[in-house]
Structures are given as structure tokens and as C-alpha cells.
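What follows is one structure encoded as C-alpha cells, with my remarks underneath.
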Amino acid sequence: MFELDERLAADTYFVGKTALSQLLLMDDARFPWLILVPEVAHVSEPFDLSETDQAALWRESMCLSRFLKAHYQADKLNVAALGNQVPQLHLHHIARYHSDVAWPGPVWGVGAQERYVAQEATQLIRTMREGLAPYLPLNPTGSAY
């Protein structure tokens, strides 16, 4: 049975559920940062997924990437599945700017995390759900379709 890794749960807000994945907002207001986590138990690498799920994850990632690039007018997107700290398969999608505090390097280990105020996160999630609708259908409750 799938369970979200406790470290991901502690550092993110739930945005919605896609056909395959949970979509999470990283709790760091410095960057527009979303994470896709396929709801498949005991998976740490994309090749651990079935071919059908691999294709679904790629489609979800590309739709999410298009949204981030367009909505946030990002200079560049960082899409990565590192898994060094959290082995559960998850894909980071981060909108980057030439002016952000970590540019041009990676965002990890640069400065201090700036957590969202709960009201700000709630409003941002609402805005993201609306903005994502043309790109990636989401179920905001997380229950099965």
C-alpha cells in the first residue's frame, strides 16, 4: 500500500491528485516548487514503474512543467528526481529565475528555507489548482476518481 514518505509530508502541502500521482507544494516560498509523487508503493526509480505508469508520469511532468513555465514566466525549469535524502520516487519541478538566490546553482543547501504562512499557502494552492486545470486535471481531495 502506498504511503507518502514522512519527510515529504513534513515539508510540503497537498495540492491535488492526478491520475497517477500526488502533487505537492514544497514549503519554501523562495521558489515556485512543486513535486509529483507517483502513488505506487516501494518505488524509488522511474524504471521501477510499469511502462504505462512511466508514460503517465512523463505526461504529468510535462504538463506540470508547461504550467510552471507559463504561469510563473520562469527563465528556466529544474526538473529532477534525486532521491538521495528521500528514496521514494518523486519529481521536483522548480521555476527558476536569473535573479533567484541560488541561480545558477541548485536550490538545495542555499540559504534558509522560508516557510509559507498557512493563509498564503492556502491561497497559493487555490490559485495553482485553478491555473493547472487546462494543463493537468487534479482532484483536490486526493480521493480516487
Side-chain angles (χ1 to χ4, degrees), residues 1-129 131-132 135-136 138-144:
M1 174 180 241
F2 172 82
E3 288 185 36
L4 184 64
D5 184 280
E6 63 187 32
R7 289 163 291 190
L8 286 174
D11 284 340
T12 62
Y13 289 93
F14 179 81
V15 177
K17 167 92 176 71
T18 68
L20 176 67
S21 307
Q22 286 188 25
L23 179 60
L24 308 172
L25 170 66
M26 185 66 172
D27 192 6
D28 191 339
R30 297 175 301 158
F31 309 100
W33 187 342
L34 293 166
I35 302 171
L36 280 173
V37 184
E39 287 190 324
V40 180
H42 312 295
V43 172
S44 62
E45 307 294 346
F47 57 76
D48 292 334
L49 296 170
S50 69
E51 288 187 12
T52 300
D53 286 349
Q54 289 176 33
L57 180 60
W58 185 250
R59 281 190 306 274
E60 290 177 358
S61 178
M62 293 305 99
C63 291
L64 183 55
S65 295
R66 281 187 198 97
F67 163 75
L68 282 170
K69 183 85 173 183
H71 186 78
Y72 288 97
Q73 299 176 336
D75 295 322
K76 180 72 177 112
L77 291 179
N78 290 168
V79 178
L82 302 176
N84 298 345
Q85 296 292 321
V86 176
Q88 182 175 56
L89 178 59
H90 60 289
L91 269 69
H92 297 269
H93 296 73
I94 309 166
R96 299 293 307 276
Y97 303 92
H98 297 291
S99 61
D100 75 43
V101 297
W103 186 268
V107 298
W108 289 274
V110 174
Q113 178 180 11
E114 295 177 16
R115 294 193 177 268
Y116 289 102
V117 174
Q119 282 183 313
E120 292 172 340
T122 300
Q123 181 56 47
L124 179 57
I125 290 166
R126 186 177 301 120
T127 301
M128 284 184 166
R129 286 174 178 163
L132 276 162
Y135 298 89
L136 186 64
L138 287 178
N139 180 338
T141 66
S143 60

message = Show, in sequence, the C-alpha distance, side-chain angles and deciding distance for Arg59 and Leu136, and conclude whether the side-chain contact (heavy atoms from CB on, under 4.5 Å) test is met.
response = CA-CA 9 Å; Arg59 281 190 306 274; Leu136 186 64; over 6 Å; no
Review point. Under the side-chain contact (heavy atoms from CB on, under 4.5 Å) criterion, do Val107 and Trp33 qualify, and how do the steps go?
Key: CA-CA 10 Å; Val107 298; Trp33 187 342; 3.6 Å; yes
Exercise for the section: Report the C-alpha separation of Leu24 and Val15 in whole Å, then their side-chain angles, then the decisive distance to 0.1 Å, and conclude whether the side-chain contact (heavy atoms from CB on, under 4.5 Å) test is met. Expected result: CA-CA 5 Å; Leu24 308 172; Val15 177; 5.7 Å; no
Leu91 vs Leu64, test: side-chain contact (heavy atoms from CB on, under 4.5 Å). Steps then yes/no.
CA-CA 11 Å; Leu91 269 69; Leu64 183 55; over 6 Å; no
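Here Leu23 contributes atom CG and Thr12 contributes atom OG1; the two are 10.0 Å apart, rounded to the nearest 0.5 Å. Going from atom CE of Met26 over to atom NE2 of His93 covers 14.5 Å, rounded to the nearest 0.5 Å. Summarising the geometry, atom CD1 belonging to Ile35 is positioned 5.0 Å from atom NE2 belonging to His92; distances are rounded to the nearest 0.5 Å. Between the CD atom of Gln88 and the NE2 atom of His42 there is a distance of 10.0 Å, given to the nearest 0.5 Å.
Across every non-hydrogen atom of Met128 and Leu25, the tightest pair is CE-CD1, 4.0 Å. Closest of all the heavy-atom pairs between Leu138 and Gly16 is CD2-C, 4.1 Å. Of all heavy-atom pairs spanning Ile94 and Leu68, the tightest one is N-CD1, 4.5 Å. When all heavy atoms of Phe31 and Val101 are compared, the closest pair comes out as CZ-CG2, 3.9 Å. The two residues Phe14 and Ile125 have their closest heavy-atom pair at O-CD1, 3.8 Å. Nearest heavy-atom pair across Gln113 and Asp27 is NE2-O, 2.5 Å.
A donor-acceptor pair is defined here as one N or O able to donate and one able to accept, closer than 3.5 Å; no such pair exists between the side chain of Ser61 and the backbone of Leu57. At least one donor-acceptor pair closer than 3.5 Å links the side chain of Asp28 to the backbone N or O of Glu114. Between the side chain of Glu60 and the backbone N or O of Leu20, at least one donor-acceptor pair lies under 3.5 Å. Judged by distance alone, the side chain of Asp75 and the main-chain N or O of His98 form a donor-acceptor pair under 3.5 Å. Not a single donor-acceptor pair under 3.5 Å links the side chain of Glu39 to the backbone N or O of Thr18. In terms of modelled atom types and a separation under 3.5 Å, the side chain of Asp53 and the main chain of Ser50 share no donor-acceptor contact. Between the side chain of Arg96 and the backbone N or O of Pro106, no donor-acceptor pair lies under 3.5 Å.
Residues passing the salt bridge (Lys or Arg N to Asp or Glu O under 4.0 Å) test with Asp11, sequence neighbours excluded: Arg115. Qualifying side-chain hydrogen bond (donor to acceptor under 3.5 Å, both in side chains) partners for Ser65, counting only residues two or more places apart in sequence or in other chains: none.
Of the options Val43, Val37, Val40, a side-chain contact (heavy atoms from CB on, under 4.5 Å) to Phe2 is made by Val37 and by none of the others.
Around the CZ atom of Arg129, the shell of radius 6.0 Å holds more than 12 heavy atoms that belong to other residues, nucleotides or ligands. In the displayed structure, Trp58 atom CH2 is contacted under 6.0 Å by at most 12 heavy atoms of other residues, nucleotides or ligands.
Ring-plane geometry between His71 and Phe67 is classed as parallel, the angle between the planes falling under 30 degrees on a 0 to 90 degree scale with a further cut at 60.
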